[in-house]
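Just so you know, ligand 1 is whichever comes first in the structure, and atom 1 is the first atom listed for that ligand. Bear in mind that the values here come from a model prediction, so they are computed numbers and not experimental data.
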Amino acid sequence: MKPRLIAGIQPTGKLHIGNYLGALKNFVELQNSEKYDCLFFVADLHSLTDPLGWNKPKEKQKQIEDVVLSYLAAGLDPKKSVLFLQSDVPTHSELAWVLNTITPMGELFRMTQFKEKTETHAENTGLFTYPTLMAADILLYDAGFVPVGDDQLQHLELTRTLARKFNTRFGKTFTEPKPLLTEVPRLMSLDMPDKKMSKSRAEGCLFLDDSPNEIRNKIKRAVTDSENSVVYAPEKRPAISNLLLIFSALGGVKIKELESRYKNKGYAEFKADLAEVIVSSLSGFRKRKSELKKQPNLLRKIIKDGAKKAGTLAADKYRLVRKKIGLSLDT
Ligand code: AMP
Ligand code: TRP
């Protein structure tokens, strides 16, 4: 049997190139490697911790649809991977509750994402227990691997801790998952290279849906430095290094090779070429996405089928959990 792999993306806004290079592009490569039994879902329950989710149901629905479209347009294939919506499989919430009861509050207070989000989001308990729902997403399926960007590593470590704790108390039940990072686990924003590119700061994002001209303008305006030499030095020269990472990952060219290609050439030429690399590597994605948009019934069918498959796996695992902890009279 192949090892299982699972990942999700929250439907909280347009996907940016950080999501793509840190996660989505990797999802597709891992699926196509045929080394894993893959599940990919839309983390719609997680997205409710963002207050926007509550007062704009139509917008939420659009955002969910957008993630499904992006999955398919990027190359996730329902014939190869199980694609579903988290809230279509209620077992995620059920296991999350059980995990909450073995999670010390101290562990959740330590989470960087919790600390950051309580500064910018309206306070809610979901932000606090977010990592136990994420642990449930993963542990329900015995996933051995989870492809994520580096901002999720702490949550994954907690998932491993909870799996160990449960297994020690009740006997082997869960698999401890390992992260799978890409070469670009943390893309920085275009306007502030010391800040992670994030949906919550649109100014610094290059979105997958941006038009070719928007891409060209954003790259032209992207912050660099006054040295005007194309050199990769993430500590000292974060801005140009970030652009080099994008160029290398999308263009399939080694950073060293780019450094020599642009030796003695200025930023203007480098940026103009980079913009064209981005435009051409996203053009297929944009085209497929607009085609798929015309087929809402197909999308619905894909995620309903996916929910059925995921639901069966999840129900089996949760039945075992209930039995282990004595919640069921079944023998
Ligand atoms: P989210 O939009 O928060 O659900 O994130 C979806 C995926 O994209 C997760 O695996 C994140 O770790 C990853 N991700 C988000 N922002 C970045 C970034 N700036 N660089 C690399 N990966 C990222
Ligand atoms: N927390 C992840 C993020 O913000 C999304 C997510 C939820 C996830 N559950 C998951 C990712 C399970 C991988 C596996 O990006």
Side-chain angles (χ1 to χ4, degrees), residues 4-27 30 38-50 52-53 63-64 66-67 70-71 74 84-87 89 92-93 95-96 99 111-114 116-117 121 126-127 129-160 162-163 175 177-202 204-208 234 238 242 245-246 249 310 314:
R4 185 155 298 145
L5 172 158
I6 193 162
I9 292 185
Q10 294 189 70
T12 39
K14 295 186 289 184
L15 295 187
H16 52 67
I17 198 165
N19 298 127
Y20 186 66
L21 295 180
L24 186 51
K25 182 167 173 275
N26 201 23
F27 294 2
L30 290 162
C38 297
L39 296 110
F40 299 104
F41 65 97
V42 182
D44 55 354
L45 293 172
H46 277 102
S47 78
L48 296 179
T49 58
D50 187 324
L52 251 188
Q63 291 176 336
I64 291 172
D66 190 71
V67 177
S70 299
Y71 276 179
F84 67 102
L85 300 191
Q86 185 184 31
S87 68
V89 182
H92 289 236
S93 311
L95 180 61
L99 295 178
M111 295 291 133
T112 308
Q113 188 170 301
F114 170 70
E116 281 172 6
K117 292 211 168 165
H121 289 51
L127 274 181
T129 58
Y130 182 108
T132 56
L133 178 58
M134 178 158 164
D137 299 336
I138 298 166
L139 298 181
L140 262 183
Y141 299 96
D142 280 326
F145 298 94
V146 184
V148 281
D150 82 346
D151 57 349
Q152 298 303 313
L153 291 180
Q154 206 183 15
H155 293 160
L156 216 57
E157 200 44 52
L158 176 68
T159 304
R160 295 165 61 82
L162 295 179
T175 302
K178 292 190 184 66
L180 291 175
L181 292 179
T182 67
E183 314 261 279
V184 195
R186 188 181 189 80
L187 194 73
M188 308 314 272
S189 62
L190 296 181
D191 61 337
M192 296 172 93
D194 57 333
K195 284 209 161 49
K196 183 184 78 158
M197 188 179 287
S198 159
K199 291 172 192 164
S200 57
R201 275 194 61 263
C205 289
L206 193 92
F207 295 108
L208 300 184
N242 200 42
L245 278 172
I246 301 177

Which of the atoms in ligand 1, numbered in the order shown and given with their element, are less than 4.0 Å from a heavy-atom of [X]?
{"X": "Lys196", "result": "19 (N)"}
{"X": "Gly22", "result": "21 (C), 22 (N)"}
{"X": "Val184", "result": "21 (C)"}
{"X": "Met197", "result": "16 (N), 18 (C), 19 (N)"}
{"X": "Ile9", "result": "4 (O), 6 (C)"}
{"X": "Gln152", "result": "12 (O)"}
{"X": "Val148", "result": "10 (O)"}

Hey, is the main chain of [Y] close enough, under 3.5 Å, to the side chain of [X] for a donor-acceptor pair?
{"X": "Asn26", "Y": "Ala23", "value": "no"}
{"X": "Ser189", "Y": "Lys195", "value": "yes"}
{"X": "Asn242", "Y": "Pro193", "value": "no"}
{"X": "Thr182", "Y": "Leu21", "value": "yes"}
{"X": "Tyr71", "Y": "Phe41", "value": "yes"}

Nearest protein heavy atom with distance in Å, relative to [atom]:
{"atom": "atom 7 (C) of ligand 1", "answer": "Ala23 CB, 3.7 Å"}
{"atom": "atom 22 (N) of ligand 1", "answer": "Gly18 O, 3.2 Å"}
{"atom": "atom 12 (O) of ligand 1", "answer": "Asp151 OD1, 2.4 Å"}
{"atom": "atom 9 (N) of ligand 2", "answer": "Asp137 OD2, 2.6 Å"}
{"atom": "atom 6 (C) of ligand 1", "answer": "Asn19 ND2, 3.5 Å"}
{"atom": "atom 4 (O) of ligand 1", "answer": "Gln10 N, 2.9 Å"}
{"atom": "atom 1 (P) of ligand 1", "answer": "Lys199 NZ, 3.8 Å"}
{"atom": "atom 14 (C) of ligand 2", "answer": "Val146 CG1, 3.6 Å"}
{"atom": "atom 1 (N) of ligand 2", "answer": "Tyr130 OH, 2.7 Å"}
{"atom": "atom 20 (N) of ligand 1", "answer": "Leu187 N, 2.8 Å"}
{"atom": "atom 5 (C) of ligand 2", "answer": "Gly8 O, 3.6 Å"}
{"atom": "atom 9 (C) of ligand 1", "answer": "Gly149 N, 4.1 Å"}

task: Would you indicate whether the side-chain heavy atoms of Leu206 and Leu190 approach each other to under 4.5 Å?
output: yes

message = Any non-hydrogen side-chain atom of Leu245 less than 4.5 Å from a side-chain atom of Met188?
response = no

Next on the checklist: Would Leu39 and Ile6 count as a side chain to side chain contact (heavy atoms under 4.5 Å, CB included) here? Give the steps.
Outcome noted: CA-CA 5 Å; Leu39 296 110; Ile6 193 162; 3.9 Å; yes

Ala7 heavy atoms within 4.0 Å reach ligand 2 at atoms 13 (C), 14 (C)

Per-residue contact class, [X] against ligand 2 - non-hydrogen pairs under 4.0 Å:
{"X": "Val148", "value": "side chain"}
{"X": "Leu133", "value": "neither"}
{"X": "Phe27", "value": "neither"}

Between the CG atom in Asp151 and the CZ atom in Arg186, the distance rounded to the nearest 0.5 Å is 6.5 Å

query: Can you find an N or O of Asp150 that's nearer than 3.5 Å to an N or O of ligand 1?
result: no

### Query
Do any nitrogen or oxygen atoms of Pro147 come within less than 3.5 Å of a nitrogen or oxygen of ligand 1?
no

So that I can tick it off, tell me whether Asp142 and Arg4 are bridged by a salt bridge, with the cut-off set at under 4.0 angstrom between side-chain N and carboxylate O.
no

Heavy-atom pair of closest approach, residues [X] and [Y]:
{"X": "Lys117", "Y": "Gln10", "answer": "NZ-NE2, 4.1 Å"}
{"X": "Gly204", "Y": "Asp191", "answer": "CA-OD1, 3.1 Å"}
{"X": "Thr175", "Y": "Ala143", "answer": "CG2-O, 4.1 Å"}

Contact check, Pro185 vs ligand 1, heavy-atom distance below 4.0 Å: yes

Looking at Gln113, His16, His46, the heavy atom closest to atom 16 (N) of ligand 1 belongs to His16

To atom 3 (C) of ligand 2, the nearest of Gln152, Gln113, His155 on a heavy-atom basis is Gln152

TODO: Taking the six-membered ring for Trp and the full ring for Phe, Tyr or His, determine whether the centres of Tyr141 and His92 are under 6.0 Å apart.
DONE: yes

Q | Gln152-Gln113 side chain donor-acceptor pair, cut-off 3.5 Å | A | yes

Next on the checklist: Walk me through whether Leu180 and Leu5 qualify under side chain to side chain contact (heavy atoms under 4.5 Å, CB included).
Outcome noted: CA-CA 10 Å; Leu180 291 175; Leu5 172 158; 4.0 Å; yes

